[in-house]
Number of protein chains: 4
Amino acid sequence: MTQVGHNSNKPRAGGVAVDQLKSIIARVEKLEEEKKGIADDIKDVFAEARGNGWDVKAIRQILKIRKMDQSEREEAENILDTYMSALGMLPLFEEDGE
Amino acid sequence: MTQVGHNSNKPRAGGVAVDQLKSIIARVEKLEEEKKGIADDIKDVFAEARGNGWDVKAIRQILKIRKMDQSEREEAENILDTYMSALGMLPLFEEDGE
Amino acid sequence: MTQVGHNSNKPRAGGVAVDQLKSIIARVEKLEEEKKGIADDIKDVFAEARGNGWDVKAIRQILKIRKMDQSEREEAENILDTYMSALGMLPLFEEDGE
Amino acid sequence: MTQVGHNSNKPRAGGVAVDQLKSIIARVEKLEEEKKGIADDIKDVFAEARGNGWDVKAIRQILKIRKMDQSEREEAENILDTYMSALGMLPLFEEDGE
DNA sequence: CCCTGAGGCTTCGTAC
DNA sequence: GTACGAAGCCTCAGGG
């Protein structure tokens with residue numbers, strides 16, 4: 001079996017597929033490395049802030065608030081969409097008797 | 001090894017532990033059975049509703065809206081708590097010069 | 001026959017339909033609440049197990065295996081039923097509901 | 001020495017502190033945005049892989065294994081460092097940053 | 001067959 | 001430093 005996935009179709013055969021697989025793995029690992037680097041940068045910022053006397057926990061709270069505010073706005077739009085969608089499909093409670 | 005978990009401490013030994021394990025499994029399986037029963041009840045309600053001519057998808061939307069509304073309210077309280085917490089810990093931007 | 005219960009797509013009109021809709025929503029929400037309660041009970045069991053030193057993840061795996069075994073058994077029974085049906089035989093027993 | 005940069009718990013007072021706080025928040029939010037962008041890139045790679053017929057779950061397992069191997073290797077290096085440190089030896093090389 | 005949504009696993013931050 | 005709790009990520013099941 002030249003392919004990795006047990007349950008998958010077997011795309012192409014031989015070296016091409018292997019090269020493709022290696023490429024996928026390399027790209028993901030590179031991206032994850034970058035992601036980790038950024039996470040470390042964030043830690044550095046907090047460490048610097050702490051070193052300057054700031055209450056890091058409080059700053060995290062602020063960031064959380066800002067994030068929640070923004071997601072709340074998005075959620076409100078979501079509710080509106082869902083609501084309109086539901087309205088478009090309902091009997092609409094009309095009192096047309098019969 | 002009388003215990004299941006590889007990485008766990010090994011609580012007690014012999015038959016008592018086994019009985020306890022069996023009890024845990026039995027309780028969980030019973031509860032999951034009950035849970036599945038309720039899920040089936042819900043399906044029945046929807047099936048009945050569909051049989052009565054209702055647009056089940058629309059009703060699901062309504063339920064979703066009601067759920068979102070309520071979680072939005074809870075989230076608002078969350079924001080308030082978080083905000084108060086942040087306020088309690090911050091320099092408060094006072095302009096007291098020095 | 002009233003305005004509900006027939007095959008029309010949308011039971012418009014009248015308080016009865018509204019009441020019926022409210023009933024559907026109430027029943028589903030009640031059932032979902034019960035479902036959540038049971039889910040919480042399951043969490044409690046696991047928490048207690050963890051407190052007693054058990055490896056919860058391993059226990060979950062056991063439960064999963066038991067479930068697979070059981071569904072395989074059910075599958076076997078299904079095959080049996082199919083064969084019996086094909087042979088014009090009646091099921092020997094109804095399962096008693098609890 | 002200004003009002004920031006010392007060891008006081010709370011750099012109160014003045015616009016400089018506020019500016020510094022704003023800067024911290026902005027930097028963290030920017031970095032988190034970048035982080036999210038990279039996470040999305042990773043998703044894209046997996047989506048493309050899936051589109052080419054690969055078993056994404058299997059690839060994830062490979063990545064996990066490679067990560068474990070690597071951290072075991074790092075652990076081994078850590079042990080080496082520890083030994084060398086205990087022996088009063090200096091590290092042979094610094095890792096070049098990229 | 002796709003897609004959304006719930007559930008479980010893992011990691012990171014916090015409190016003791 | 002250890003253990004608890006929360007947040008993000010991945011998986012899988014159910015519905016459209």
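Bear in mind that the values here come from a model prediction, so they are computed numbers and not experimental data.
- Although no hydrogens or angles enter the test, the distance criterion places a donor-acceptor pair under 3.5 Å between the side chain of A/Ser71 and the main chain of A/Lys67.
- Using a 4.0 Å cut-off between charged side-chain N and carboxylate O, B/Glu32 and B/Arg27 make no salt bridge.
- A/Asp69 and A/Arg73 are not joined by a salt bridge, as no carboxylate oxygen comes within less than 4.0 angstrom of a charged side-chain nitrogen.
- In this structure, the side chains of A/Ile62 and B/Tyr83 stay at 4.5 Å or more apart for every pair of heavy atoms.
- There is no side-chain donor-acceptor pair under 3.5 Å between A/Glu48 and A/Trp54.
- Of all heavy-atom pairs between B/Phe46 and B/Leu63, the closest is CZ-CD1, 3.8 Å.
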task: Could you provide the dot-bracket string of DNA chain E, using ( ) for intrastrand pairs, [ ] for crossing pairs and | for bases paired to another strand, with Watson-Crick or G-U pairs below 3.5 Å?
output: ||||||||||||||||
query: If the sugar-phosphate is the primed atoms plus P, OP1 and OP2 and the base is the rest, what is the B/S/- string for nucleotides 4-13 of chain E, using protein heavy atoms under 4.0 Å?
result: -SS-SSS--S
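- Nucleotides of DNA chain F with any atom under 4.0 Å from a heavy atom of chain A span, from 5' to 3', F/dA7 to F/dG8.
- Contact check for A/Ile38 versus A/Glu34: no side-chain heavy atoms found under the 4.5 Å cut-off.
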- request: Show the numbers, then the answer: is there a side-chain contact (heavy atoms from CB on, under 4.5 Å) between C/Val28 and B/Arg60?
  value: CA-CA 10 Å; C/Val28 172; B/Arg60 284 188 196 276; over 6 Å; no
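- Enclosure of atom CD in C/Glu29 by more than 12 non-hydrogen atoms of other residues, nucleotides or ligands within 6.0 angstrom is indicated.
- Residues A/Gln61 and B/Thr82 bring no donor and acceptor atom of their side chains to less than 3.5 Å of each other.
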